[in-house]
Amino acid sequence: MTETAPDLDRLRGSAPPRNHDARTIAALTANPGCARRGVMDAAGVDKDAVARALGFPAPFGQSQFAITRGNVFEAQVKADGCAELLTLLRDRMGLAVSEVAYDDLEVVAGNEGRELRHTRTRRLLAQALDTGEGTLFDHPLLRLEIGGQLAYLEPDVIAFQIAGRLHVIEIKSFAVVDGQAEPEQVAAAARQSAVYVLALRRLVAELGHDPQRVSHEVFLVCPENFSNRPTATPLDVRPQLAVLERQLARLTRVDTILDALPEDLTFEPGEHLADSVRTVEARYAPECMAGCEMAYFCRDEARGCGATGALGRAVRDDLGGVDTIGTALGLADGSLSPSDDLAETAEQLRAAARLRAEALGTGHRVIA
């Protein structure tokens, strides 16, 4: 994996690399066929800065108020060695936690270096898995392979060991009101938690233990009603784990993409930035607007290109192998002859065209 490092550094230019987090990985796996996002994320490119330089800034992201509120709530929950969190888990979740050992892995002897932190995470977790000792691990630094490259994860989570199994605890600042939270926020938390669970399972496997010692049940900690009093809810992330593992397996390896790119290509801001970005193929779909900083640029690029993906991922998936709207229409009306691998899709398109013609009463002619 180190052979591509110089190429990735060149693509990024003089800017420092941006590290993946659970949100970006969850978003990346939603569109695994997008070479543009795969390369930019593997290189640690600041996609938000690139989008702004291109004149297509993405108008989303957490407000500073939300970030501050989240930091304050997390600090409260973790204060005094996670005393409030432990009380919550004992009283509200009924967990029999008798003795507690707490390790903060965010800084090692005053050093915040990723390799040192990851090494300490491995050592303490290996010891805990071997002995059953060690209860709380705050800010463990994990790694996950993304497109052939290792991404470091710095989660605001705690690995909590009870009865020999590790659980991820995800602390969020959105409120649970009368036992209910905003479904989209819970779904996003589940996707991010699944990234942490998968990374933790792979570390446990590397240490020679059964990855199932990391539970699929996550504890989601949020403010209750309109107060700062925390409440905990178990969250089963097995569906999100299944999707994550399947999508990561499908991601195009970044070295394959790099082989097809010009050797002098860079995303350094400048007059040729737009041409450089367009050199790497994108796979735009309207769903990208919710989670990718480059979405507005890619949408503008996709206008008029006639790609089926521009109609949405569901349409693109249903038309598997048919890349353009013109081809789909030609197969539907019979003016184009399908190749063997598109015969079934062509038949479905012709059937759909007949149904549409009958519904509209147009008498549109479809060649059988």
Side-chain angles (χ1 to χ4, degrees), residues 3-21 23-62 146-149 151 247 250-313 315-317 319 322-328:
E3 292 85 353
T4 60
D7 293 322
L8 296 175
D9 289 341
R10 172 179 47 76
L11 286 172
R12 192 173 57 251
S14 59
R18 288 178 62 90
N19 191 43
H20 272 294
D21 57 25
R23 181 188 64 83
T24 64
I25 292 175
L28 175 62
T29 57
N31 194 5
C34 183
R36 180 176 296 167
R37 173 148 197 173
V39 166
M40 296 181 86
D41 279 340
V45 173
D46 186 341
K47 297 192 299 301
D48 183 58
V50 170
R52 282 188 275 108
L54 291 169
F56 292 91
F60 57 78
Q62 265 193 313
I146 305 296
Q149 298 297 306
Q247 296 291 61
R250 291 173 54 193
L251 279 174
T252 303
R253 288 186 58 84
V254 70
D255 51 0
T256 304
I257 302 173
L258 290 173
D259 287 342
L261 298 179
E263 293 184 357
D264 59 347
L265 183 69
T266 178
F267 298 127
E268 186 84 43
E271 60 177 320
H272 300 297
L273 178 59
D275 292 335
S276 297
V277 172
R278 292 191 184 100
T279 300
V280 188
E281 184 181 1
R283 198 180 189 217
Y284 172 77
E287 293 86 348
C288 296
M289 302 295 289
C292 182
E293 295 89 339
M294 295 296 299
Y296 283 78
F297 175 82
C298 296
R299 181 181 67 174
D300 183 77
E301 179 185 47
R303 283 175 174 156
C305 73
T308 55
L311 301 177
R313 290 182 191 137
V315 174
R316 182 178 59 206
D317 292 344
L319 296 175
V322 180
D323 295 328
T324 68
I325 296 171
T327 301

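If you read the sequence from its start, that first residue is 1, and numbering goes on from there. All heavy atoms count here, side chains included; hydrogens, waters and symmetry mates do not.
Looking only at distances, a side-chain donor or acceptor of Ser276 sits under 3.5 Å from a matching main-chain atom of Thr266. Looking only at distances, no side-chain donor or acceptor of Arg283 sits under 3.5 Å from a matching main-chain atom of Ala35. Under a 3.5 Å cut-off, the side chain of Arg299 and the backbone N or O of Tyr284 do not form any donor-acceptor pair.
Phe56 and Tyr296 have their aromatic ring centers separated by at least 6.0 angstrom.
Within the 4.5 Å cutoff, side-chain heavy atoms of Thr24 are placed close to those of Arg37. You'll find the side chain of Val280 stays beyond 4.5 Å of the side chain of Met40, heavy atoms only. When side chains are defined from C-beta on, Arg10 counts as touching Leu265, because their heavy atoms get closer than 4.5 Å.
A pairwise comparison of heavy atoms in Ala282 and Cys34 identifies CA-SG, 3.9 Å as the closest pair. Contact between Pro17 and Ala43 at its shortest, heavy atoms only, is CB-O, 4.4 Å. Nearest heavy-atom pair across Glu301 and Arg278 is OE2-CG, 3.3 Å.
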What do the steps show when you test Val50 against Glu293 for side-chain contact (heavy atoms from CB on, under 4.5 Å), and what is the final call?
-> CA-CA 9 Å; Val50 170; Glu293 295 89 339; over 6 Å; no
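In this structure, the separation between CZ on Phe267 and CZ on Arg36 is 8.0 Å, given to the nearest 0.5 Å. Atom-to-atom distance recorded for Asp48:CG and Cys292:SG is 10.5 Å, nearest 0.5 angstrom. Taking CD from Glu268 and CG from Leu11, the interatomic distance works out to 11.0 Å, rounded to the nearest 0.5 Å. Note that the CG atom of Leu54 and the CG atom of Leu273 stand 4.0 Å from one another [nearest 0.5 Å]. Here SG of Cys298 is found 11.0 Å from CD of Glu281. Values are rounded to the nearest 0.5 Å. Atom-to-atom distance recorded for Leu8:CG and Arg12:CZ is 7.5 Å, nearest 0.5 angstrom.
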